[in-house]
Amino acid sequence: MKRNPITLVTAGILALIFALMLFTFQVRQTEIAVVTTFGKFSRDITAPGFNWRLPWPIQRIYKFDNRIQNFEKKFEQTTTHDAINILITVYAGWRVVNPRLYLESLNGDSVKAEQTLEPLIRNAKNGVISQYRFGELISTNQADLKFDQIETNMLATVRPAASSTYGIEVAFVGIKQVGLPESITTKVFDRMKAERQTRVKQYQTDGEKAARIIRAEADSQANQIMADAKAKVIEITGNAEARASEYYKVLDQNPELANFLFQRNALEQSLKEKATLILDQQTPPFNMMGGQGAGITHSSPLK
Amino acid sequence: MATQSNNSNRGPEPKPRPLSPPPGQPPLLEDAGALALEEALKTSFRIIKVLMAALVIIFLFSGVFTVKPNELAVRLHFGRPVGMGTEQLLKPGLHWAYPYPIDEIVRIPVGQSHTLVSKTGWYAITPEQELSGQQPTPLHFLQAGVDGYTLTGDGNIIHAKATLKYRLDPTRAVSYTFNFAQVTNLIQNLLDNSLIYASSKFTAERALYLDLNAFREQVAQRFNRHLDDLQVGVLVETIEVQTTAPLSVKPAFDDVITAFQAANTNISQAEIYARIATNAAIAQATRLVNDGLTRSNELVKTVASDVSMFTQLQPYFRNDPQLFKQRLLTETMERVLTNAQEKFFVPARTDGKTRELRLQLSREPLRIQPPE
């Protein structure tokens, strides 16, 4: 009996697909897998790609997401080394690195894994925070601040237990939020207000002080500038007098003439403006008017 | 066609049953039904064959796909990315892959900008209040888990909010896509952590108004360091940071700001005064020195000219000192009398007695006493 070749090819393809489904499986880039044979661990697969298998129920494949999973919890209270109660939220990133251990200890259940990680991370957080003072968690002094160290120590504490017991690698642990109990926030607010009032007074006095200093320095500088200028003027005048004195030596040749010239100059300068002169006939050139006129003659410019 | 080919290859077959009765006899009812059934089956098989052929064609061409301009793609061959490093990323254009499940195409939207807000440090506010610009009622306490806030390095409480805009880093898009399960939550946590860390280093004043830029820089710096450490595959476009004092202590902070500004104003005014005073002193000093120079030059030149005149007049004086002096005095009197405002000539009395003159000098006006 002859068969239709297309039917044969189709049947062959279908049989091949069925066989591939039974005997092969893929592990995706984001996955990690465990192969068990009759329920017993056979091998784990940590690299993505094509794999052979024996069909179910001989072999069974367990695939797990090996991407970094996000873990976080809400505020929890803990105590610092100096007995200050704080509220803290941490987050972590974890992923499956040992699928066999993960399967055997947590049944490959991610919810169970997070439930298991929670006390581990809480213990690590409480243990590490209790070793540090509150002033090492928050501080304006770079040398005191141990924020990074606290996170690193929490990670170092939680990592070995998670890895060796559950096949989980905790990739990072970080602090997401730091808070204070409600009653403490009230006290902090009171302190903040008091500090601000002090700060207001400080700004007022500092500003006034700085302004006064600036003004005083400016006045001093101005006085200094004027004093320097006056000194310079005295120096200049002194130099001028010295030079003039050199000229005056010539006058020694004829003191009478020099004296006459000085007096004449002084007379002219002193009667230069708005002078009222009362002259008698002995004053030259009025001495030329000797015997003439019986009364006072007054002469003034146009008004 | 396939049907014909099949028929030609069948070889000897049993003689088919006649489809119609012998001539002269009426057709059998059963034969007619079988005939119709056979026709229907043939038609159905034809349709199924066409559908199968179409499915095969669709299957073969299903491997052709397009990567859009704002995305990249990774081809997973049996679950493993094809290529190494950035070669794994397929750029925009037409590509081909084996049909699923041999190959799988994972598209990565690299062109999109995402926005994420860290509100763990921000006060609780309803969307209605936020839209209307209202603020919640200030309370004298904060409830952890309800009211977000951060602790500053000087032990104060402030509210801080960070708004991140980011997009995927094309060179690290593979890491972003395949290494993290809830990548948005992770980025949110890293941003929260950066905000808390920056706050833990700054004083409240610096974080609130003195040095908000440095505060923002600190948030950005730590956030970028996290992204690099974890190879998240994200590029930061902008990080905006907003801070405010707790609502119940905000007036106290406002007072500080007012005092701070007043102090600065006071200092600025003092600086202005200083500049004016110094400049005035410099100007006055310059004028003083210049006047001194002018006077000195004038003195020297005057003396020089006096001496020059003395030297020139000396020969004439020696000739006849009396005449010389009389001449010069007369010339001088001429100028003096010409310039004088008032001149009184009082000649000697003819009787030889002394003439008496009385001068009435103007006095200072009397002050008017106010009425008691």
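Keep in mind it's a predicted model, so treat the numbers as computed, not measured. The chains referred to below are lettered A, B, ... by the order of the sequence lines, with proteins before strands, and numbering in each begins at 1. Note that these values count all heavy atoms, side chains included, but never hydrogens, waters or copies made by symmetry.
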Can you tell which part of [X] gets under 4.5 Å to a heavy atom of chain B, answering side chain, backbone, both or neither?
X: A/Lys209; value: neither
X: A/Glu208; value: both
X: A/Val178; value: both
X: A/Glu217; value: neither
X: A/Phe50; value: both

Between A/Asp219 and B/Tyr273, a side-chain donor and acceptor under 3.5 Å:
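Yes.
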
Residues A/Glu72 and B/Asn189: side-chain donor-acceptor under 3.5 angstrom
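Per modelled atom types, A/Glu72 and B/Asn189 side chains form a pair under 3.5 Å.
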
Check whether any side-chain heavy atom of [X] sits under 4.5 Å from a side-chain heavy atom of [Y], and report yes or no.
X: B/Thr177; Y: A/Gln29; answer: no
X: A/Ile68; Y: B/Asn179; answer: no
X: A/Tyr91; Y: B/Asp192; answer: no
X: B/Phe344; Y: A/Leu279; answer: no
X: A/Leu277; Y: B/Val336; answer: yes
X: B/Asn193; Y: A/Lys176; answer: no
X: A/Leu145; Y: B/Lys201; answer: yes
X: A/Ile214; Y: B/Ile267; answer: yes

List the steps and the verdict of side chain to side chain contact (heavy atoms under 4.5 Å, CB included) for B/Glu331 and A/Glu268.
CA-CA 10 Å; B/Glu331 285 173 9; A/Glu268 190 165 359; over 6 Å; no

What part of [X] lies closer than 4.5 angstrom to a heavy atom of chain A: side chain, backbone, both or neither?
X: B/Glu334; answer: neither
X: B/Thr152; answer: backbone
X: B/Leu190; answer: both
X: B/Pro101; answer: both

Give the member of [options] that has the highest number of heavy-atom pairs under 4.5 Å with chain A.
options: B/Lys301, B/His226, B/Glu205; answer: B/Glu205
options: B/Ala262, B/Ser248, B/Ser268; answer: B/Ser248
options: B/Ala263, B/Gly292, B/Ser200; answer: B/Ser200
options: B/Leu142, B/Asp255, B/Thr311; answer: B/Leu142
options: B/Thr258, B/Val174, B/Val249; answer: B/Val249
options: B/Leu313, B/Val256, B/Asn339, B/Asn297; answer: B/Val256

Straight-line distance of [X] [atom1] to [Y] [atom2], nearest 0.5 Å:
X: B/Ile257; Y: A/Arg199; atom1: CD1; atom2: CZ; answer: 12.0 Å
X: A/Thr237; Y: B/Arg295; atom1: OG1; atom2: CZ; answer: 6.0 Å
X: A/Ile225; Y: B/Leu288; atom1: CD1; atom2: CG; answer: 12.5 Å
X: A/Thr185; Y: B/Asp147; atom1: OG1; atom2: CG; answer: 8.5 Å
X: B/Lys325; Y: A/Gln263; atom1: NZ; atom2: CD; answer: 8.0 Å
X: B/Phe310; Y: A/Tyr248; atom1: CZ; atom2: OH; answer: 12.0 Å

Output yes when a side-chain donor or acceptor of B/Thr332 lies under 3.5 Å from a complementary backbone atom of A/Arg264, and no otherwise.
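Absent.
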
Return yes if some donor-acceptor pair links the side-chain N/O of B/Gln182 with the main-chain N/O of A/Asn70 below 3.5 Å, else return no.
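Yes; at least one donor-acceptor contact below 3.5 Å.
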
B/Arg318/A/Glu256 salt bridge by N-O under 4.0 Å criterion:
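No salt bridge links A/Glu256 with B/Arg318.
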
Under 4.0 Å between a side-chain nitrogen and a carboxylate oxygen: does that hold for A/Asp148 and B/Arg222?
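A salt bridge links A/Asp148 with B/Arg222.
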
Quick one: of [options], who has the most non-hydrogen atom pairs under 4.5 Å with chain B?
options: A/Asp144, A/Ile213, A/Ile184, A/Val200; answer: A/Val200
options: A/Gln221, A/Arg196, A/Met226; answer: A/Arg196
options: A/Phe260, A/Phe172, A/Phe134, A/Phe25; answer: A/Phe260
options: A/Val233, A/Leu261, A/Leu251; answer: A/Leu251
options: A/Asn141, A/Ile234, A/Asp190; answer: A/Asp190
options: A/Arg212, A/Arg243, A/Gln224; answer: A/Arg243

Cation-pi check, A/Arg67 to B/Phe178: give yes when NZ or CZ is under 6.0 Å from the six-membered ring centre and within 45° of the ring axis, no otherwise.
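No, a cation-pi geometry is absent between A/Arg67 and B/Phe178.
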
Between A/Gln26 and B/His77, does a side chain to side chain contact (heavy atoms under 4.5 Å, CB included) hold up when you go through it step by step?
CA-CA 9 Å; A/Gln26 285 184 26; B/His77 186 66; over 6 Å; no

